[in-house]
Amino acid sequence: MDPSKAEEPQLRHVEKDVLIPKLMREKAKERCTQHVDVFSRCCKDAGFFMVFRCREENAALKECLTLHYQDPAFFEECKQEYLREKQEYKQTGIPAKNRKQKLPTSM
């Protein structure tokens with residue numbers, strides 16, 4: 001058995017198939033902001049006819065996102081980030097999104 005595999009924590013189904021892909025979607029949107037902005041602007045300008053008028057923008061956005069979704073290195077990066085957040089939660093008991101908020105100063 002490969003020693004590096006023994007050290008890696010076992011992921012539950014929900015972590016591997018739901019939580020990590022959710023993190024991937026969020027990070028992929030950040031990396032494809034230019035395409036997201038162009039598509040959003042097109043949809044806003046086209047209104048009801050956005051389905052017909054924004055096909056090219058939608059295709060470019062899908063291509064950018066799919067490129068990230070299918071990248072094994074990107075999955076591994078997101079998995080490691082998820083594992084770090086999970087470990088911090090175990091240590092502090094505070095979820096990551098609450099930990100990032102500024103604590104109130106004196107009242």
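What's counted below: heavy atoms across the whole structure, side chains too, no hydrogens, waters or symmetry copies.
Atom CD of residue Glu63 and atom SG of residue Cys32 lie 10.0 Å apart, to the nearest 0.5 angstrom. Leu61 CG to Glu56 CD: the interatomic distance, rounded to the nearest 0.5 Å, is 13.5 Å. To the nearest 0.5 angstrom, Leu23 atom CG is 6.5 Å from Glu85 atom CD. Here Met50 contributes atom CE and Phe39 contributes atom CZ; the two are 6.5 Å apart, rounded to the nearest 0.5 Å. Between Asn58 atom CG and Arg53 atom CZ the span is 15.5 Å, to the nearest 0.5 Å. In this structure, the separation between CZ on Phe75 and CD on Gln80 is 10.0 Å, given to the nearest 0.5 Å.
Not less than 2.5 angstrom separates the SG atom of Cys43 from that of Cys54.
For Gln34, the CD atom is loosely surrounded, since the number of other residues' heavy atoms within 6.0 Å does not exceed 12.
The shortest non-hydrogen separation linking Lys29 to Leu65 is N-CD2, 4.0 Å. When every heavy atom of Lys16 is checked against every heavy atom of Pro21, the shortest pair comes out as O-CD, 3.3 Å. In terms of heavy-atom proximity, Ala28 sits nearest to Tyr69 at CB-CE2, 3.9 Å. Nearest heavy atoms, His68 versus Cys64: CD2-O, 3.2 Å.
At a threshold of 4.0 Å, the pair Glu15-Lys86 counts as salt-bridged, since one of the basic side-chain nitrogens sits closer than that to a carboxylate oxygen. Ion pair Glu57/Arg41 not flagged as a salt bridge, since none of the NZ, NE, NH1 or NH2 atoms sits closer than 4.0 Å to an Asp/Glu carboxylate oxygen. A salt bridge is defined here as a Lys NZ or Arg NE, NH1 or NH2 lying under 4.0 Å from an Asp or Glu carboxylate O, and Glu30 with Lys27 fails to meet this definition.
Here Leu67 sits alone; no ILVMFWY side chain lies under 4.5 Å from its own, so it joins no hydrophobic cluster.
Of the residues Ile20, Leu83, Leu19, the one that meets the side-chain contact (heavy atoms from CB on, under 4.5 Å) test with Cys78 is Ile20.
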